[in-house]
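Sequence positions, counted from 1, serve as the residue numbers for this chain. Model, not experiment: these values are computed from the prediction.
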Amino acid sequence: MKIHPSAVVHPSAEISDGAEIGPFCYIGPKVKIGSGTRLLHGASVMGCTTMGEDNLLYPGAIVGGEPQDKKFQGEESWVHLGSRNILREHVTINRGTEFGGGVTRLGDDCLLMAGCHIAHDCILGNHVTMASACLLGGHVVVGDHVGFGGMGAAHHFTSIGRFAFIGGMTRVFSDAPPFMITEGHPARVRGLNRVGLRRNGIPEETVTWLKEAFRAIFHDKGMKEEAMQRLRDDGTVPPEGDELLNFVGRSINGKQGRALQP
């Protein structure tokens with residue numbers, strides 16, 4: 001491992017061979033850093049934080065800070081980062097709280113651009129991309145392959161489904177369905193995330209089905225429940241279609257946000 005002489009590393013921190021700690025970094029106690037992870041100058045990792053392999057933290061990134069929650073009373077809580085994540089300048093990721101299960105989690109292969117904030121108890125999947133200055137309130141759940149435009153924000157306890165795209169400067173105040181583009185003021189479902197789906201190899205027949213589902217559920221006037229039932233009755237529903245219909249059904253029935261917490 002390479003640790004710059006100006007870095008402050010607690011003796012109890014566990015740093016794997018192959019990790020690199022740059023100038024003026026801070027590594028606190030109970031931190032575990034995997035092989036190949038690099039901290040550029042001025043990055044900090046604190047609290048009970050574990051990182052996988054080959055992560056890259058840019059200057060000013062802070063992982064494992066205390067949650068910004070008045071209910072937090074200093075209890076032990078965690079941040080778990082996967083592997084191959086890139087955290088650009090001044091990204092902040094806070095630890096979990098007892099009320100939310102105690103863990104803030106980031107999957108693998110994510111890119112968080114400059115100034116993004118991940119609050120306590122958020123759960124992010126794999127391949128999440130957040131443009132600069134995006135903000136997630138506490139207890140937000142983000143699925144795999146989700147993209148955020150710059151300055152997008154999600155209200156606490158909201159859920160964002162797989163392959164969703166959140167437009168720039170959009171405030172997500174209710175669950176954002178999978179495979180769809182949510183944007184605007186007020187935020188609403190604007191269309192199918194066709195670029196993201198095709199880029200990730202979703203079959204064309206599935207994309208076509210999801211496009212028709214968008215028109216039936218979110219575009220055409222009428223009851224969502226009736227539109228969803230028609231989609232189920234009209235023929236074979238692909239697995240992605242089941243995922244969309246189940247997600248929307250939970251939201252309609254109030255099983256979203258805080259109601260999903262144990």
For the student: nearest non-hydrogen atoms of [X] and [Y], plus distance:
X	Y	value
Phe179	Glu240	CE1-O, 3.3 Å
Ala227	Ala216	CB-O, 3.3 Å
Val140	His155	CG2-O, 3.4 Å
Val79	Arg95	CG2-CA, 3.6 Å

Those residues that, when tested against His127, pass ring pair (Phe, Tyr, Trp, His ring centres under 6.0 Å) (two or more places apart): His145
Aromatic ring proximity, centroids under 6.0 angstrom, Phe157 and His139: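 Between Phe157 and His139, which both carry aromatic rings, the centre distance is below 6.0 Å.
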Ion pair check, Arg162 and Asp144, cut-off under 4.0 Å: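 Judged by the 4.0 Å cut-off on N to carboxylate O distance, Arg162 and Asp144 do not form a salt bridge.
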Arg84 atom CZ, over 12 foreign heavy atoms within 6.0 Å: yes
Neighbour count above 12 (heavy atom, 6.0 Å) for Arg232 CZ: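 Result for CZ/Arg232: enclosed.
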Asp121 and Thr97 side chains, donor-acceptor separation under 3.5 Å: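 Per modelled atom types, Thr97 and Asp121 side chains form a pair under 3.5 Å.
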Without swapping roles, check the side chain of [X] against the backbone of [Y] for a donor-acceptor pair under 3.5 Å.
X	Y	result
Thr49	Val31	no
Thr182	Ile166	no
Thr170	Ala187	no
Ser77	Glu98	no
Asp175	Ser159	yes
Arg171	Ala153	no

Straight-line distance of [X] [atom1] to [Y] [atom2], nearest 0.5 Å:
X	Y	atom1	atom2	answer
Met51	Ser16	CE	OG	12.0 Å
Glu225	Gln229	CD	CD	10.5 Å
Glu89	Ser132	CD	OG	8.5 Å
Ile33	Glu14	CD1	CD	10.5 Å
Leu57	Thr37	CG	OG1	8.0 Å

Test log, rule side chain to side chain donor-acceptor pair (under 3.5 Å), inputs Asp109 and Asn126: CA-CA 6 Å; Asp109 301 294; Asn126 305 316; over 6 Å; no
Qualifying side-chain hydrogen bond (donor to acceptor under 3.5 Å, both in side chains) pairs, either residue in residues 18-35, two or more places apart: Lys30-Glu76
pair Met130-Val91: side-chain heavy atoms closer than 4.5 Å: no
Audit row: His80, Thr50, side chain to side chain donor-acceptor pair (under 3.5 Å) steps and yes/no: CA-CA 5 Å; His80 294 324; Thr50 63; 2.8 Å; yes
Only distances under 3.5 Å count here; give the side-chain donor-acceptor pairs of residues 188-195 to other protein atoms, sequence neighbours excluded, each with its distance to 0.1 Å.
from: Arg190; atom 1: NE; to: Glu183; atom 2: O; distance (Å): 3.0
from: Asn193; atom 1: OD1; to: Gly196; atom 2: N; distance (Å): 3.3
from: Asn193; atom 1: ND2; to: Phe163; atom 2: O; distance (Å): 2.8

